[in-house]
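Could you have a look at this structure, given as structure tokens, before my questions?
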Amino acid sequence: TPSDYRPAAVLRRPNAWTGSVAFWRDLVADAVLTGNGIAVVTRTGGNVRELIRVPPEPVSIDRDLRSLEPRYRVALAD
């Protein structure tokens, strides 16, 4: 439905398995405790579809030496 693509809907329900309170609580806690709160934004047709929190432990962040843009690497156990 079109409401699935509205930013306000994604903020209220970031994804199908996480409620907004738990999502934002965990993301803010990650930022406070580790310095980074990281979420993947998935899109459909350029529209935001969902937000998926990435736990900070497997993520390393470095900078591209030319553009200085951040690069994120996720090391998964499997």
Side-chain angles (χ1 to χ4, degrees):
T1 64
S3 65
D4 290 341
Y5 300 108
R6 293 188 1 222
V10 174
L11 295 175
R12 283 191 306 273
R13 184 71 176 176
N15 56 59
W17 60 90
T18 310
S20 64
V21 172
F23 177 84
W24 295 109
R25 176 200 63 214
D26 293 347
L27 197 68
V28 169
D30 292 344
V32 169
L33 296 172
T34 69
N36 293 298
I38 300 169
V40 173
V41 178
T42 61
R43 298 174 187 271
T44 301
N47 297 308
V48 175
R49 175 76 178 167
E50 64 185 356
L51 302 172
I52 302 170
R53 178 184 160 264
V54 178
E57 294 81 13
V59 179
S60 63
I61 305 169
D62 59 355
R63 298 245 177 231
D64 181 277
L65 296 177
R66 289 187 207 167
S67 67
L68 299 179
E69 292 181 10
R71 290 188 296 189
Y72 301 89
R73 297 173 195 253
V74 181
L76 302 174
D78 57 353

Should Leu51 and Trp24 be marked as a side chain to side chain contact (heavy atoms under 4.5 Å, CB included) after you check the CA-CA gap, both sets of side-chain angles, and the distance that decides it?
CA-CA 10 Å; Leu51 302 172; Trp24 295 109; 4.0 Å; yes

To the nearest 0.5 Å, how far apart are CD in Glu50 and CZ in Phe23?
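Going from CD on Glu50 over to CZ on Phe23, the span is 10.0 Å.
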
If I take atom CD1 from residue Ile61 and atom CZ from residue Arg71, how far apart are they, to the nearest 0.5 angstrom?
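It comes to 12.5 Å.
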
Do you know the tightest heavy-atom contact between Gly19 and Pro14?
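Residues Gly19 and Pro14, closest heavy atoms: C-CD, 4.1 Å.
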
Please round to the nearest 0.5 Å and tell me the distance separating atom CD1 of Ile38 and atom CG of Asp30.
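Rounded to the nearest 0.5 Å, the CD1-CG separation comes to 8.0 Å.
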
Look at the side chain of Arg13 and the backbone N and O of Asn15, then say whether any donor-acceptor pair between them is shorter than 3.5 Å.
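Yes, Arg13 side chain to Asn15 backbone: donor-acceptor pair under 3.5 Å.
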
